[in-house]
Amino acid sequence: MNYRSIKGTKDILPSETPLWQFVEQTIRDVFHQFNYKEIRTPIFESTALFLRSIGELTDIVGKEMYTFEDRSHDSITLRPEGTASAIRAYVQNNLGEALPLSKIYYIGPMFRQERPQAGRLRQFHQFGAEAVGSPTAETDVEIIAMTIEIYKRLGITNYSLQINSVGDEECRPRYKEILKAELLKIADKLSFESQKRIEQNPMRVLDSKDENDKTLTASMPLITDHLNEECAKHFERVKSLLTAYGIPFTVNGRLVRGLDYYTKTAFEITSSELGSQDALAGGGRYDLLVKELGGKQTPSVGFAAGMERLMMILEKKGFQPPKQSPKIFVAAADETAREWVLQTTMKLRSAGIASECDLLSRSLKSQMKEADRQQAQFSLVVGSMELESGKALLKNLTDHSQQEILLSDIVTIINT
RNA sequence: GUGUCCAUAGUUCAGUCGGUUAGAACGCCAGGAUGUGGCCCUGGAGGUCGUGGGUUCAAAUCCCACUGGUCACCCCA
């Protein structure tokens with residue numbers, strides 16, 4: 001094999017696209033029912049946008065971005081996530097001037113250069129939504145409820161929702177100092193990775209998977225106990241609304257997301273059906289990002305979710321998307337009928353009926369086999385006899401029944 | 001980026017202590033008294049055994065490197 005797709009990228013084959021299309025349609029249906037409108041942004045942006053929004057110290061920016069210089073020597077990056085582009089577009093196009101609240105969604109490919117593994121690709125697909133312009137807890141909960149509605153709609157029930165509040169620009173730095181001081185006391189006992197994080201990203205240490213780190217930090221102060229009044233109130237409101245909506249959740253005071261722009265609410269949905277990459281979706285509030293990217297101070301909430309991970313669960317459950325098969329296969333019994341068959345197939349298609357006929361000059365038996373393989377609902381065999389009499393047998397391939405029909409009526413018969 | 005395991009028809013796999021024509025199932029193609037699919041029967045096509053080196057009289061089989069896949073770490077969708 002001479003050429004292969006790039007490591008960590010995958011072809012989505014004709015046998016798989018029906019599932020993709022079905023899932024995408026379900027997602028769009030939910031978004032539209034929550035009145036979110038689609039935004040489509042370019043899949044590459046200036047590198048600076050991601051540095052500024054995601055944060056220079058995050059893993060995404062530090063070691064995962066596909067960054068290159070184009071022929072004009074501009075630094076370009078393939079988007080590693082969707083929020084930065086969406087907010088850039090929001091600011092650039094002054095969407096905030098047209099409406100007090102913009103509810104937008106996106107769906108498409110993202111790129112991160114990591115070592116591939118189960119549930120992790122270099123080109124993967126995310127869907128997500130942003131509610132730009134609302135500070136209320138009601139909006140946080142709408143975003144969470146909408147995410148969950150998508151999984152519910154697809155019959156995925158085996159997930160768990162974890163929430164946290166990561167504070168705001170006032171209480172988070174204060175908490176970070178307290179935490180840092182505690183961590184420094186035991187720094188030499190922590191894992192190498194955690195030691196590196198104490199200075200720049202101390203909250204990450206609490207999120208470490210290292211067993212030893214976990215026990216060492218078991219009694220460390222949590223951000224949820226150090227929120228200022230506003231953040232604490234907001235968090236309480238989120239929790240009580242979730243409860244009121246009947247959405248189960250657990251509070252995880254150690255939850256930190258991989259992007260620096262989150263404030264107040266952060267959440268993650270995980271599934272035990274997945275491998276060690278078990279996050280189905282994540283999101284939260286980002287009240288500072290719009291201003292950071294040159295817009296007005298605009299409180300916002302959003303989430304992003306992985307398509308592939310969602311589909312891994314559906315496949316595991318044996319989920320079958322609706323079939324995309326022709327309604328009728330028109331077969332030619334002999335050479336004289338071939339032209340009629342072609343024309344009739346075209347006529348059926350023009351009438352909006354998915355139809356197929358033989359293009360390989362094959363025997364009638366082969367044509368019938370093809371009709372079966374394609375899972376056509378009906379077959380119609382036409383030869384010189386039928387052309388002469390103007391009648392033919394229409395066969396239902398599911399229940400094997402046949403009925404004689406007038407060739408001139410074929411379109412209306414199939415249409416009913 | 002580090003590590004694990006793996007690499008044989010289109011697919012999933014078998015292939016003994018290295019031994020000469022590399023197999024199966026499914027799929028694909030063609031037939032089964034001359035114009036009807038699915039099941040069944042018969043026949044057929046299809047593999048430089050991932051690539052390159054090495055050991056050996058002899059390598060799909062043993063060794064090394066590379067490439068790719070896989071899973072895990074890290075991190076996350």
Side-chain angles (χ1 to χ4, degrees), chain A residues 1-10 13 15 54 57-64 79-83 107-128 147 191-194 196-197 201 204 207-211 213 255-259 268-271 274-283 303-313 329-337 358 360 362-386 392-402:
Chain A
M1 225 169 293
N2 281 324
Y3 296 102
R4 298 185 52 88
S5 56
I6 303 293
K7 183 202 281 279
T9 69
K10 259 186 156 167
L13 299 171
S15 57
I54 298 170
L57 298 169
T58 58
D59 279 21
I60 292 179
V61 168
K63 52 186 198 192
E64 297 170 5
R79 64 179 185 197
E81 59 105 38
T83 302
I107 178 164
M110 306 294 164
F111 307 84
R112 305 215 300 225
Q113 187 164 182
E114 300 180 85
R115 192 77 167 258
Q117 75 183 78
R120 189 160 76 189
L121 291 165
R122 254 117 106 135
Q123 177 176 169
F124 59 103
H125 298 77
Q126 284 189 336
F127 56 94
T147 313
S191 68
F192 180 64
E193 288 294 331
S194 289
K196 282 196 298 187
R197 296 188 193 288
N201 218 338
R204 270 263 117 86
D207 204 25
S208 171
K209 278 185 196 166
D210 187 283
E211 283 306 321
D213 286 359
L255 177 69
V256 191
R257 309 262 330 131
L259 306 108
E268 198 165 279
I269 295 172
T270 55
S271 168
L274 295 171
S276 85
Q277 305 305 321
D278 63 353
L280 266 178
F303 84 97
M307 287 283 282
E308 282 85 354
R309 289 185 188 176
L310 163 51
M311 275 182 285
M312 278 169 77
I313 297 178
F329 190 103
V330 189
D334 52 48
E335 286 308 311
T336 57
D358 171 58
L360 300 174
R362 297 202 279 183
S363 68
L364 180 61
K365 176 168 180 157
S366 297
Q367 292 181 57
M368 291 303 293
K369 280 191 169 190
E370 191 62 35
D372 188 59
R373 174 166 35 213
Q374 297 291 336
Q375 298 186 284
Q377 221 176 108
F378 297 98
S379 71
L380 183 74
V381 177
V382 177
S384 48
M385 266 163 49
E386 287 78 4
L393 288 173
L394 179 69
K395 184 166 184 174
N396 181 321
L397 293 176
T398 309
D399 65 19
H400 321 288
S401 64
Q402 297 196 95

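Below, each value reflects all heavy atoms present in this structure, side chains not excepted, and no hydrogens, waters or symmetry copies.
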(message) Taking donor-acceptor contacts at under 3.5 Å, does the side chain of Arg115(A) reach the base of C71(B)?
(response) no

(request) Check whether any side-chain nitrogen or oxygen of Ser276(A) sits under 4.0 Å from OP1 or OP2 of C73(B), and answer yes or no. (result) yes

(message) If you count every heavy atom of other residues, nucleotides or ligands that lies below 6.0 Å from Ile6(A) atom CD1, does the total exceed 12?
(response) no

(request) Select base, sugar-phosphate, or nothing to describe what Glu64(A) touches, counting heavy atoms under 4.0 Å on all strands. (result) sugar-phosphate

(request) Write down the distance separating the C1' atoms in C62(B) and U16(B), rounded off to the nearest Å. (result) 16 Å

(request) For Gly275(A), report the nucleic acid contact type (base, sugar-phosphate, nothing); a contact means any heavy atom under 4.0 Å. (result) sugar-phosphate

(message) What contact category does Ala333(A) fall into here, base, sugar-phosphate, or nothing, at under 4.0 angstrom with non-hydrogen atoms?
(response) base

(message) Could you identify the nucleotide paired to C5(B), looking across every strand shown and requiring Watson-Crick or G-U wobble geometry with both distances under 3.5 Å?
(response) G69(B)

(request) May I have the distance from Asp334(A) (atom CG) to U34(B) (atom P), rounded to whole angstrom? (result) 15 Å

(request) Using a cut-off of strictly less than 4.0 Å, decide whether Arg197(A) has a side-chain nitrogen or oxygen near OP1 or OP2 of C75(B). (result) yes

(message) Any side-chain N or O of Gln117(A) below 4.0 angstrom from OP1/OP2 of A72(B)?
(response) yes

(message) Applying the Watson-Crick and G-U wobble criteria at under 3.5 Å, what pairs with C62(B)? Answer none if nothing qualifies.
(response) G54(B)

(message) When you measure from the side chain of Glu268(A) to the backbone of Arg257(A), do you find a donor-acceptor pair of N or O atoms at a distance under 3.5 Å?
(response) no

(request) Give Met385(A) one of three labels, base, sugar-phosphate or nothing, depending on what nucleic acid heavy atoms sit under 4.0 Å from its own. (result) base

(request) Round to the nearest Å and state the distance from Lys365(A) atom NZ to A33(B) atom C1'. (result) 13 Å

(message) Suppose we call a contact any N or O donor and acceptor under 3.5 Å apart; does that hold for the side chain of Gln113(A) and the base of G1(B)?
(response) no

(message) For a quick check of understanding: with a heavy-atom distance under 4.0 Å over all strands, which category does His125(A) fall into, base, sugar-phosphate or nothing?
(response) nothing

(message) Show the nearest heavy-atom pair for residues Pro109(A) and Gln123(A), with the distance to one decimal.
(response) CB-OE1, 3.3 Å

(message) Suppose we define a pair by two distances each less than 3.5 Å, Watson-Crick or G-U wobble; what does C39(B) pair with here?
(response) none

(request) Name the residue closer to the 5' end of RNA chain B, choosing between Gly8(A) and Ala376(A) according to the nucleotide with the nearest heavy atom. (result) Ala376(A)

(message) When both hydrogen-bonding distances must be under 3.5 Å and the geometry is Watson-Crick or G-U wobble, what is A22(B) paired with, if anything?
(response) none

(request) Pick the C1' atom in C5(B) and in A9(B), then give their distance to the nearest Å. (result) 24 Å

(request) Provide, to the nearest angstrom, the distance between the CG atom belonging to Leu364(A) and the C1' atom belonging to U36(B). (result) 5 Å

(request) Give a yes/no answer on whether the side chain of Arg362(A) brings an N or O atom under 4.0 Å of OP1 or OP2 in C29(B). (result) yes

(request) Can you check whether any acceptor in the base of C71(B) is under 3.5 Å from a donor in the side chain of Arg120(A), or vice versa? (result) no

(request) Could you check how far CG of Asp358(A) sits from C1' of C29(B), rounded to whole Å? (result) 14 Å

(message) Under a 3.5 Å distance rule, please check whether Arg309(A) uses its side chain to pair with a backbone N or O of Arg120(A) as donor and acceptor.
(response) no

(request) Report which part of the nucleic acid Leu280(A) touches: base, sugar-phosphate, or nothing (heavy-atom distance under 4.0 Å, all strands). (result) sugar-phosphate

(message) Please classify the nucleic acid contact of Gln375(A) as base, sugar-phosphate, or nothing, using heavy-atom distances under 4.0 Å.
(response) nothing

(message) Measure CD/Gln374(A) against C1'/U36(B) and give the value in whole Å, please.
(response) 17 Å

(request) Give me the one residue out of Leu394(A), Leu393(A), Leu364(A) that meets side-chain contact (heavy atoms from CB on, under 4.5 Å) with Val381(A). (result) Leu364(A)

(request) Find which nucleotide of RNA chain B each of Ala279(A) and Asn396(A) is nearest to by heavy atoms, and output the residue with the more 5' nucleotide. (result) Asn396(A)

(request) Look at the side-chain N and O atoms of Arg122(A) and state whether any lies under 4.0 Å from the OP1 or OP2 oxygen of G69(B). (result) no

(message) Categorize Lys369(A) for me: base, sugar-phosphate, or nothing, with a 4.0 angstrom heavy-atom threshold over every strand shown.
(response) sugar-phosphate

(message) For C29(B) and Arg373(A) - does any side-chain N or O of the residue sit under 4.0 Å from the phosphate oxygens OP1/OP2?
(response) yes

(request) Could you tell me whether the side chains of Asp278(A) and Thr270(A) share a donor-acceptor contact shorter than 3.5 Å? (result) no

(request) Would you confirm whether Arg122(A), through its side chain, and Pro116(A), through its main-chain N or O, come within 3.5 Å as a donor-acceptor pair? (result) no

(message) Is there a side-chain contact between Ser366(A) and the phosphate of A30(B), meaning an N or O under 4.0 Å from OP1 or OP2?
(response) yes

(request) For G1(B), take OP1 and OP2 only and decide whether either is under 4.0 Å from a side-chain N or O of Lys63(A). (result) no

(message) Please determine whether a side-chain nitrogen or oxygen atom of Arg257(A) lies at a distance below 4.0 Å from atom OP1 or OP2 of A77(B).
(response) yes

(request) In whole angstrom, give me the gap between the C1' atoms of U8(B) and A22(B). (result) 8 Å

(message) Does Arg4(A) contact U67(B) through a side-chain donor or acceptor facing the base, at a distance under 3.5 Å?
(response) no

(message) Let's test this: given Watson-Crick or G-U wobble pairing with both distances under 3.5 Å, identify the partner of G44(B).
(response) C28(B)

